[in-house]
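Worksheet for the structure shown next.
Just so it is clear, the structure is predicted and the values come from calculations on it, not from any experiment. Residues: numbered from 1 along the sequence shown.
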Amino acid sequence: MPKKVSSLIALLTVVACGGSDEGASIPVTEVASAPVFEVPAVEAVAADDAFTIVMLGDSLTAGFGLAAEFALPEQTEERLRASGHDVTFVNAGVSGDTTGGGLARYDWSVASADPDMLIVALGANDYLQGQSPEQARDNLSAIIERGLGDGLAVLLISVGARSDEISDPRAASFAEIYPALAAQYGVPHLQGMLAEIRGNANLLLADGLHPTAEGIGMVADRLSVFVAEQLPVG
């Protein structure tokens, strides 16, 4: 598939699952006990002329607790197609995955789909599992470099914080990773992806962390606008 875009430029913050839209937002999300699923090599299902987007993430991407059609990539694709964009999303989300896991499966989850764009939405589980922010940053950096090296447009997503940097200095260290990487590599960054639904019990599953189908719809509304701004014109 011909690549229609080279690296895009912009910025994004915090970890793959939870919080505020301000720089003070801090990473947190995932349910530590969420099951981890093995995923086979992903194959692109887009038509030859469709713009293929792989979303590499954890349970928020995978659609934890929801039917497959209500997962975030699928809902975002639906909105973009409704607005006239010829795109196909590949859901490369694995519940419980870390930045290291995402990097390890890059070849079969991303490269095998031969995409035009890569959305990276990882990091929350690194925080929850006690991994160092330095290691998470190194892994995210390697994923971004792989994507850019493959000629993909790369977008970075951070979810936001469930605590503040004063009460949780380690979370603050994770929060700093995303805007720094976005600036370093010149990639667009969407910050605080869950900000609109955080703390709203009506939009979250019983675990209080993962969105319901309605909650995912709200997240997809925002994500689809962000992605549309990065798509090539014409």
Non-hydrogen side-chain atoms of [X] and [Y] separated by less than 4.5 Å:
X      : Y      : result
Val94  : Asp58  : no
Leu223 : Gln75  : no
Phe51  : His85  : no
Leu181 : Ile144 : yes
Leu56  : Arg105 : yes
Leu72  : Phe89  : no
Ile157 : Gln191 : no
Ile177 : Leu140 : yes

Atom pair [atom1] ([X]) and [atom2] ([Y]), whose distance is rounded to the nearest 0.5 Å:
X      : Y      : atom1 : atom2 : answer
Ile53  : Leu80  : CD1   : CG    : 6.0 Å
Leu122 : Leu103 : CG    : CG    : 10.0 Å
Leu152 : Ile119 : CG    : CD1   : 11.5 Å
Glu134 : Asn139 : CD    : CG    : 11.5 Å
Thr76  : Met55  : OG1   : CE    : 6.5 Å
Asp107 : Ser112 : CG    : OG    : 8.5 Å

Over all heavy atoms of both residues, which pair between [X] and [Y] is shortest? Give the atoms and the distance, please.
X      : Y      : answer
Asp97  : Gly57  : CB-O, 4.1 Å
Asn125 : Gly96  : ND2-C, 3.2 Å
Arg137 : Ala180 : NH1-CB, 3.4 Å
Tyr106 : Arg146 : CD2-NH2, 3.2 Å
Val54  : Ala92  : CG1-CB, 3.8 Å
Ser59  : Ser95  : CB-OG, 3.3 Å

### Summary
residues 66-79 vs salt bridge (charged side-chain N to carboxylate O under 4.0 Å, His left out), sequence neighbours excluded, gives Glu77-Arg81, Arg79-Asp221

What residues form a side-chain contact (heavy atoms from CB on, under 4.5 Å) with [X], not counting sequence neighbours?
X      : answer
Ala104 : none
Ile197 : Leu194, Leu203, Leu204, Pro211, Met218, Val219
Asn202 : Asn200

### Flag, side chain of Gln230 to backbone of Phe226, donor-acceptor distance under 3.5 Å
yes

### Task
Apply side chain to side chain contact (heavy atoms under 4.5 Å, CB included) to Leu60 and Ile216, showing your working.
CA-CA 9 Å; Leu60 180 61; Ile216 283 290; 4.1 Å; yes

What pairs with [X] under side-chain hydrogen bond (donor to acceptor under 3.5 Å, both in side chains), at least two apart in sequence or on another chain?
X      : answer
Glu229 : none
Thr61  : none
Ser141 : Tyr185

## Note on the structure
Those residues at least two apart in sequence (or on a different chain) that pass salt bridge (Lys or Arg N to Asp or Glu O under 4.0 Å) with Asp138 are none

### Task
Assess whether side chain to side chain donor-acceptor pair (under 3.5 Å) is satisfied between Asp126 and Thr98, documenting all intermediate values.
CA-CA 5 Å; Asp126 297 68; Thr98 62; 4.6 Å; no

